[in-house]
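Structure, as structure tokens:
Proteins get letters first, then strands, A, B, ... in listed order; numbering begins at 1 in each. The figures that follow rest on heavy atoms only: side chains count, while hydrogens, waters and symmetry mates do not.
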Amino acid sequence: MIAELGHLLAFLALATAASQSVLGLTTGGAPVRRLAVATGMFTLLSMLTLVISFVRLDFSVELVARNSHSLKPIIYRIAGAWGNHEGSMLLWCLIMAGYGAAGAMFMRGGKLRDRTLGVQGLLTTGSLLYLLIASSPFVRLDDPPLDGGGMNPLLQDPAVALHPPFLYTGYVGLSFVFSIAAAGLIIGKIDREWAARTRPWALTAWSALTIGITLGAIWAYYELGWGGWWFWDPVENASFMPWLVSAALVHSLIVTEKRGGMAAWTVFLAVLAFCLALLGTFLVRSGVMTSVHAFATDPERGIILLIGLGITGGAALALYAWRAPKIMAGPEFDPVSREGALILNNLFLSVAAALVLVGTVTPMFAQALNISLSIGEPYFQLTFAPMMAVLLLFMPLAQASTWRRTEIEPLLKRFWPAMALAIVVAVGAAVLSGKTLWLIPGILVGVWVVAGVAMDLARRVGPGGAGRVFRLPLTVWGMAIAHIGMGLFVIGATAETAARSERTFPLRQGEVAEMAGWTFRFDGVGSAEGPNYLSTRADITVTHDGKTEVIHPEKRFYPVAGTGTTEVAIRKTMGGDVYVALGDTIREEPGVWRIRIAHHPLIDWVFGGAGLIAIGGFVSLAARIRRRVPVTEQAPATEPEVTGKPPATAGAPA
Amino acid sequence: MIAALIMAFQVMAEEPIPNPRLEERAQGLMREIRCVVCENEPVSQSTADIAVDMRRTIRTQIEQGKSDEEVRHFFSDRYGQYVLFRPPTQGLGMLLWAFPFALLVGVAAFLGFRSFRSRHRELAPLPDNGRDDVSG
């Protein structure tokens, strides 16, 4: 019965979502709010029924039969509910409806909220229709099997169990940003207040997306067994494009909120971010490319997704074209100013997003035209990385700049110690490691950002003791944490990419391998049995600096799925990870195993830096929630208004 | 049959090149050449037998003194341009490499020109006490 109940709840959600969109776009008011909350509740309950079916191993439900198994540990039975196409689409609907319900509860009343909930209702209706027509998770089997088909063992992992919920909170959260943008365009009010009300939602989505992407990278690092964390794979790019655009958005929203500038551009980004999220979903799910994410690729579903993308994007662009000319330009400013700095940020981030888009779809078009072409890591390392490095050179200066006009010479004078430190550290690191080409620019930029942001923070604290540190506004903290995280990330990513080392040793029992001051004695392999896998475990005695310990890299075989995974053994040190993976035996030489040993310098800085970026976003969000004063009352204290009509420059860069 | 076994045996033993500089170049190439039987994996990560074979070929060729470009050509001649994660720098490939920078410079120039033209008067910076800030 429970699956039928879930199905019914999804239909109820469809009905309330449809009514929510009709009422939201027409009369508005309290009923829209109640409908939005109801849609959220119905999808939540519907998801719960699916989770219950998975936990109870109800193999009469086709989805459970295909994706679960009685031997699977409980946490992965729960996560299994969204570890497949249909379940993940239900999660998509849940999060979309959840944002609608949250909007109904937390947005101030008025026309903007009504229209926002209306548009969100439309998007939710579309998603639920797609779910019910093309990918229902509640289909029953007439003849249920005795046990299920299991799940891709690579996905049986805590990081990847949490990856979809976070990723979708980001990805799908952009739908709500889209809805507020569309609502603002419909009522013809894209102004400072609109920006102030959009910003918390944009911050939520962007921060969650950051966490989702980072979890995916961490998972790739230790689960795929080769120690890479980002490969510019089309699937990774699909989530990275909306990230770049929403990163630009959370910055341009500042200009729109504080100064009323860039409004037309900001609303364009708000629309674009969700369109790119839809495009990403299409690329991943339609089967135009294959990957671990492409469960159940189906061209027919791909076509429906493409139509959805076309309608959503087309309608939004038409709305934009109709309203954009009426959006007011903001007050005048000098190119050298905080406004100018944030425009620079947006210029670089949008060009970077265009770069990733072209680099991702070009090989697909090439394939369709029978042209043999791949675009991968080398391309992005030589185009994307230098572009971001140049952008980050401006970051500390931008943080210290003033609105409307900035005197640049005092800034340069103030920050020279940070630059000097950066040069010393970068050159020192290059000399010590003997790798110059990639290391110098990356370390230079990273140290410059961290030191510069710290200096700016010190200036904001001002003289008068450490106690003042805690009186800095949360928004300042949010910005500083995210920016320092960015600097640490760049340092880590540079060191990891330029200075990692790896070697594969064929070892017989008792043989010793040496690498970078560490010795590894291979003491043979044994067998072990997990809940739903068979494990081959190696015993390796590691000696370093007189300390000895035994580590156990594993290979697991999952009989149900018929595939295996590599469980690497990682030893953390100050300078990075020592990473040991057990390879295959060598058939012609019985008793010899391939052991891959790698050193990943500063890898924790990569993930830690990315985590700080997300935390910074959440701190900024907390600052917004703490002080919910209408924007008009918190205008910058002393602004001698510029008289007369502001010239066109003050508007958007588009 | 025996010859094949011996070949296979040689393929299996993966010894790095003794010269660390050459080994580093070889590993760089392994990261940008695609394993021909896997999805989206470079030969450096793949555990497939053919990848082992390809890694060995790369090392052998580097040891023979071939340049990176020659090794890339060796593989693209056999498996097509698809096998290289680095798109070509000739012909239309050049466009691919140039467009991000062209776009960046183009838009920056446009914005710069527009703001230069309308820079009528001296604006005063807005006061900043360091505490109210960027975003709050």
Inset, instruction - Identify which part of Phe99(B) has an atom lying under 4.5 Å from any heavy atom of chain A, answering side chain, backbone, both or neither. - result: side chain
Legend entry - Structural part of Leu96(B) lying under 4.5 Å from a heavy atom of chain A: both
Legend entry - Pairwise distance CZ(Arg34(B)) to OG(Ser374(A)) - rounded to 0.5 angstrom: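 Here the interatomic distance stands at 3.5 Å.
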Legend entry - Nearest-0.5 Å distance that lies between atom CG in Leu126(B) and atom CZ in Arg338(A):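 It comes to 10.0 Å.
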Legend entry - Residue list, ring pair (Phe, Tyr, Trp, His ring centres under 6.0 Å) with Phe231(A), at least two apart or on another chain: Phe85(B)
Measure distances from [X] to the heavy atoms of chain B and classify the residue's part below 4.5 Å as side chain, backbone, both or neither.
X: Glu502(A); value: both
X: Leu253(A); value: neither
X: Phe348(A); value: both
X: Thr362(A); value: side chain
X: Ser337(A); value: neither

Legend entry - Top of His251(A), Arg596(A), Glu407(A) for chain B proximity - count of heavy-atom pairs under 4.5 angstrom: Arg596(A)
Inset, instruction - Could you check which of Thr406(A), Val592(A), Ile371(A), Val358(A) has the highest count of heavy-atom pairs closer than 4.5 Å to chain B? - result: Val358(A)
Legend entry - Nearest heavy-atom neighbours spanning Pro100(B) and Val351(A): O-CG1, 3.5 Å
Inset, instruction - Please name the pair of heavy atoms, one in Pro378(A) and one in Glu32(B), separated by the smallest distance, quoted to 0.1 Å. - result: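 Scanning both residues completely, I find the closest heavy atoms to be CG-CB, 3.4 Å.
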Legend entry - Flag if over 12 foreign heavy atoms under 6.0 Å of CG, Leu382(A):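 For Leu382(A), atom CG is crowded (more than 12 foreign heavy atoms under 6.0 Å).
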Legend entry - Verdict with reasoning, Met387(A) to Leu104(B), per side-chain contact (heavy atoms from CB on, under 4.5 Å): CA-CA 9 Å; Met387(A) 209 176 267; Leu104(B) 189 72; 4.0 Å; yes
Inset, instruction - For Arg86(B) and Ile375(A), indicate whether the former's side chain and the latter's backbone hold a donor-acceptor pair under 3.5 Å. - result: no
Inset, instruction - Return yes if some donor-acceptor pair links the side-chain N/O of Ser372(A) with the main-chain N/O of Tyr82(B) below 3.5 Å, else return no. - result: yes
Legend entry - Flag side-chain contact, heavy atom, 4.5 Å: Leu373(A) against Pro88(B):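 Yes, their side chains come closer than 4.5 Å.
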Inset, instruction - Go through Glu23(B), Glu24(B), Gln27(B), Arg31(B) and name the one with the most non-hydrogen pairs under 4.5 angstrom from chain A. - result: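 Among the listed options, the one with the most contacts to chain A is Arg31(B).
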